Amino acid sequence: MKNQFFQLSIATRDGQFIARYSAKGLAELRFPSVGRASPRAASRRRRGNESHFLNSELRTPNSELNGDSSRRLLQIPTHILRWHRATAAGLKSSLAGRKPKNLPPLDLAGTEFQKRVWNALRKISPGQTKSYGEVAQAIGKPKAVRAVGGACGANPVPIFVPCHRVLAANKKLGGFSGGLDWKRSLLAREGIEFNV
DNA sequence: AGGCTCATGACTC
DNA sequence: GAGTCATGAGCCT
């Protein structure tokens, strides 16, 4: 039984996030679905692999780990639960504009290029920003500015891999896979100024 | 300030 | 291969 994933939800003041775990770590973090997810992202997910998803039934509105095990459909390995606690705590720190500590391992699936970009993003600390061009420089491909934007958009674990801290050269917003409202909000929580 | 154009790397179909 | 970008710089008006 390989390629098994566990999905668990995290209730926050900003809505219910969904965390997806592979055997290696946190593989995906999804923003609260305000409605339909973008069709593009959805099809990318579908194409991804044939793994089957094991959804745990989590219903308790205000706890990130459901205590009500009677509704649980499957056994969640303890290491996943441990990661999930770290994710939930880290997420809440991040949403408050603080640096998370003790994040779970991240299992970022992507091309070599994308992983280099995501790695560079993780070095941008809260309150700091870089431009797409500066990220391109940081990974040694100064001309790959647009490709950096593409890699940001493909980031499976937003917030922990802080693509919201990447602004356009003029300090304007650029884009954001989770919607520009989220980007604005996340930047504001870290006290980051940007141009309209 | 806004608009247009082009170079550009990576990715998708 | 053409088309698509979460860019950037340059050059207009």
Side-chain angles (χ1 to χ4, degrees), chain A residues 3 5 12 14-15 17-20 22 24-51 53 87 90-91 94-97 99-100 103 106-196:
Chain A
N3 277 345
F5 286 85
T12 72
D14 297 288
F17 285 73
I18 309 256
R20 199 159 78 94
S22 73
K24 295 187 204 155
L26 177 62
E28 189 178 342
L29 184 62
R30 289 213 288 279
F31 284 103
S33 42
V34 192
R36 55 273 159 211
S38 90
R40 193 179 172 76
S43 78
R44 177 157 35 87
R45 263 196 301 281
R46 264 196 305 281
R47 261 200 324 281
N49 52 45
E50 312 121 41
S51 66
F53 292 59
T87 301
L91 180 59
S94 297
L95 289 176
K99 189 187 182 89
L103 288 183
L106 304 185
D107 180 18
L108 271 27
T111 64
E112 271 313 302
F113 178 83
Q114 289 169 334
K115 286 191 264 199
R116 288 178 68 178
V117 171
W118 298 335
N119 223 25
L121 298 191
R122 296 185 67 188
K123 297 191 180 125
I124 311 176
S125 43
Q128 308 282 116
T129 64
K130 271 192 160 65
S131 70
Y132 295 96
E134 286 168 338
V135 174
Q137 293 227 324
I139 62 172
K141 293 187 174 281
K143 296 188 193 164
V145 276
R146 306 196 64 158
V148 166
C152 290
N155 168 22
V157 185
I159 299 186
F160 292 156
V161 178
C163 36
H164 60 282
R165 296 187 193 128
V166 185
L167 303 179
N170 46 16
K171 288 274 183 187
K172 290 185 72 154
L173 269 189
F176 196 62
S177 59
L180 284 179
D181 285 344
W182 265 110
K183 189 166 185 175
R184 274 187 278 268
S185 173
L186 292 169
L187 291 171
R189 293 170 201 216
E190 296 182 17
I192 294 172
E193 308 272 335
F194 52 90
N195 294 329
V196 288

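Note on naming: letters A, B, ... go to the chains in the order of the sequence lines (proteins, then strands), and numbering restarts at 1 for each one. Given the structure is predicted, the values throughout are model-derived calculations rather than measurements.
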Quick one: are the ring centres of A/W182 and A/F176 less than 6.0 Å apart? no
Interatomic distance, [X] [atom1] vs [N] [atom2] [rounded to whole Å]:
| X | N | atom1 | atom2 | answer |
| --- | --- | --- | --- | --- |
| A/K171 | C/dT7 | NZ | P | 16 Å |
| A/Q114 | C/dA6 | CD | P | 13 Å |
| A/K172 | C/dA9 | NZ | C1' | 15 Å |
| A/E134 | C/dG8 | CD | C1' | 12 Å |
| A/L167 | C/dG8 | CG | P | 10 Å |
| A/I124 | C/dA6 | CD1 | C1' | 14 Å |
| A/R116 | B/dC11 | CZ | C1' | 16 Å |
| A/Q137 | B/dG9 | CD | P | 14 Å |

Enter the distance from [X]:[atom1] to [Y]:[atom2] here, rounded to the nearest 0.5 Å.
| X | Y | atom1 | atom2 | value |
| --- | --- | --- | --- | --- |
| A/Q137 | A/E134 | CD | CD | 7.5 Å |
| A/Q114 | A/I139 | CD | CD1 | 10.5 Å |
| A/F113 | A/K141 | CZ | NZ | 7.0 Å |
| A/T87 | A/L103 | OG1 | CG | 7.5 Å |

Look at all strands and tell whether A/G133 reaches a base, only sugar-phosphate, or nothing, counting heavy atoms closer than 4.0 Å. sugar-phosphate
Sugar-phosphate, base or nothing in reach of A/F113, heavy atoms under 4.0 Å: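 Since only primed, P, OP1 and OP2 atoms lie under 4.0 Å of A/F113, the category is sugar-phosphate.
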Close N/O contacts between protein and nucleotides 5-8 of chain B (under 3.5 Å):
| from | atom 1 | to | atom 2 | distance (Å) |
| --- | --- | --- | --- | --- |
| B/dA7 | N6 | A/R146 | NH1 | 3.2 |

With a cut-off of less than 4.0 Å, is there a side-chain N or O of A/S177 near OP1 or OP2 of C/dA6? no
Give a yes/no on whether any side-chain N or O of A/K141 is located under 4.0 angstrom from OP1 or OP2 of B/dA10.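 Looking at the OP1 and OP2 atoms of B/dA10, one of them is under 4.0 Å from a side-chain N or O of A/K141.
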Within a strict 4.5 Å, meaning less than it, do heavy atoms of the A/S177 and A/N155 side chains meet?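 No, side chains not in contact.
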Tell me whether A/S185 contacts the main-chain N or O of A/D181 through its side chain, where contact means a donor paired with an acceptor under 3.5 Å. no
Checking the side chain of A/K183 only, and the main-chain atoms of A/L167 only, is there a donor and an acceptor separated by less than 3.5 Å?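 Looks like no, no N/O pair under 3.5 Å.
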Looking only at B/dC11, C/dG8, B/dG9, the nucleotide nearest the A/T111 side chain is B/dC11
Partners passing side-chain hydrogen bond (donor to acceptor under 3.5 Å, both in side chains) against A/R165 (at least two apart in sequence or in another chain): A/E190
Intra- and interstrand pairs of DNA chain C - dot-bracket, Watson-Crick/G-U under 3.5 Å, | marks other strand: |||||.|||||||
